[in-house]
2 protein chains.
Amino acid sequence: MSEKLDRRKKYTRKVLKEGLITLLAQKPISDITVKEICELADINRSTFYTHYNDHYDLLSKIEEEITEDMNEYLNSYNYPAEEESIQMTRKILEYVIENKFMFQTLLKKDAAPTFEKRMMELTRGFMMNNWRGDNHLGKAEVNYLSTFVISGAIHVIKDWIAHDMDQSPKEMALMINNFINYGFSYLE
Amino acid sequence: MSEKLDRRKKYTRKVLKEGLITLLAQKPISDITVKEICELADINRSTFYTHYNDHYDLLSKIEEEITEDMNEYLNSYNYPAEEESIQMTRKILEYVIENKFMFQTLLKKDAAPTFEKRMMELTRGFMMNNWRGDNHLGKAEVNYLSTFVISGAIHVIKDWIAHDMDQSPKEMALMINNFINYGFSYLE
DNA sequence: AACTGTTTGTTGAAAATCCAACACGGTGTC
DNA sequence: GACACCGTGTTGGATTTTCAACAAACAGTT
C-alpha cells in the first residue's frame, strides 16, 4: 500500500508540500505556479514532475494526507470519562488546533475549495459511524440531515478559526454538540 | 576558489553542520559520533564521508566558514559618525549577537577548543590592520602585546555571552575598548 | 499582428545520494 | 581470553535528483 520511500523522496515531497502551503497562505491555488513552488522549496522543477502532475495534484495529495491523518487520530484514544457524543466533536477540534496553520490556510476563502468538501465527507463518515445508534429511520433521510447538520458545524469551526480559536476545544465541542443535537432532534 | 555547489551538496552540508552544532550544544566534540550526526541530519553515513573525513573535519569547516563570514562582515560598512577604534569592537560584538547561539555553543568550555584560537587570530589580524597606525615600535613587541590585550578582550566577550548578553553591543564595545586602550597605552 | 517575456511539460546525460554489505578496531562483560 | 556489541571507514550498484536545453502555450505590449 504505502510505497517505500528513500530519504530523498521523502525530503523532496516534504519541502514541496511545505512550499505550497506557504504560498497558499498568501494567494489562491490558481495564482500559484509550479516554478514558484520549486524555487521556494529549492527543488529542481523537473523533479517536481516525477512526483506530481501539476500543483493541483500536489494540493490534492496534501489534502489526502491530512484527512488520512485526521481519520487516524479520530479513531484513536477516547477520553474515558466523557460522554461519547461530545468526545467526538472535541477530538475533531483538538486536531484542528494541533494543525492550526494548516487549517487556517486550507479553509481560507478561495485558497483551496476542495479541502472543505473532503473535511465534510470525512467528518460525516465519522459521525455516521459513531453517533448514537438509535436511528431506526430511512438511511437516505438520515444522510441528508447529517449533511445539513455537519455543514453547519463545519462553518462554525471555520468561524472559530477565523476568530483565532479564542474558545477552548472543550467549550466549543460542547456548544457545537448542542447545535448538532438540536439538529438531530428533528428526527424525533 | 569556491567550487560550484549543486543543490544537493549545499543541502547535505547544511544539515550536517546544523546537526553537529545541535549536538555540540549538548556535549563536547569528543563524545559525538559520525553516526549520530548523520542520523540527526537524516543523511546516509557514506555520504558524510564524501564531504568530510570525520567529525573533527566537519567542525573545522564550520569554524572556517564562520571566521570567513565574520571577516567579511568586519570589512564591510562602517558607521560613519563614530570613532574608528570603537567601531571595530562594536562590529565584532554585533556579529557575535547575530550568531548568538553559534558562539554560545562553540565558545562553551570543552565543546570545541579550537574555535577560540581561530577567533583570536581573526580578531587580532583585524585589529592589527585597523588600529591607529602610529606604532613606530618593533613589530614583535606589538604582536605580543596584542595577543595579551585581545586574549583579555575575548574572555570578556565569553563572559558577556555567559551572562546572556545583558549589555548592548554599543555599551560593551565602549567598555572593552577602554580595556584595550589601556592595554596599548603600555606602549607610550 | 508581431514581439517579448514567462510558464509549462519533457528529455538525456551527469552528478549526488542512498542502501546494504563488508572487514576492522575498540570496549565492555562473562 | 572469548564473547557480543558498536562505531568506523570503504565499496559497488541502484535510485534519485540535478542541470541545461527544448518546443509549445500563454499573456501582455506596442
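All values reported here derive from a predicted model rather than from experimental measurement. Note on naming: letters A, B, ... go to the chains in the order of the sequence lines (proteins, then strands), and numbering restarts at 1 for each one.
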task: For nucleotides 9-21 of chain C, just jot down a letter per nucleotide in 5' to 3' order: B, S or -, based on protein non-hydrogen atoms under 4.0 Å.
output: BBB---BBBBB--
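- Per the geometry, CD belonging to Glu39(B) stands 14 Å off C1' belonging to dT8(D), to the nearest Å.
- For the helix from dA1(C)-dT30(D) to dC30(C)-dG1(D), the angle separating the two terminal helix axes comes to 30°, with each axis derived from five pairs and the value rounded to 10°.
- Checked against side-chain hydrogen bond (donor to acceptor under 3.5 Å, both in side chains), Lys14(B) has no partners two or more places apart in sequence or in another chain.
- In this structure, the side-chain hydrogen bond (donor to acceptor under 3.5 Å, both in side chains) partners of Asp69(A), at least two apart in sequence or on a different chain, are Tyr95(A).
- Between Ser60(B) and Tyr52(B), every side-chain heavy-atom pair lies at or beyond the 4.5 Å cut-off.
- The side-chain contact (heavy atoms from CB on, under 4.5 Å) search around Lys10(A) returns Leu5(A), not counting sequence neighbours.
- Take Glu18(A) and apply the side-chain hydrogen bond (donor to acceptor under 3.5 Å, both in side chains) test, not counting sequence neighbours, and it matches no residue.
- Taking atom CD1 of Ile32(B) as the reference point, atom C1' of dT8(D) lies 16 Å away to the nearest angstrom.
- Within a 6.0 Å radius of CD in Gln26(A), other residues, nucleotides and ligands contribute more than 12 heavy atoms.
- With Tyr73(A) as the aromatic partner, Lys91(A) meets the cation-pi criteria of under 6.0 angstrom to the ring centre and within 45 degrees of the ring axis.
- Asn53(A) places no side-chain N or O within donor-acceptor distance of the main-chain N or O of Tyr49(A), the cut-off being under 3.5 Å.
- Distance, Phe48(B) CZ to dT8(D) P: 9 Å, rounded to whole Å.
- Following rounding to the nearest Å, Asp31(B) (CG) and dT27(C) (P) show an atom-to-atom distance of 13 Å.
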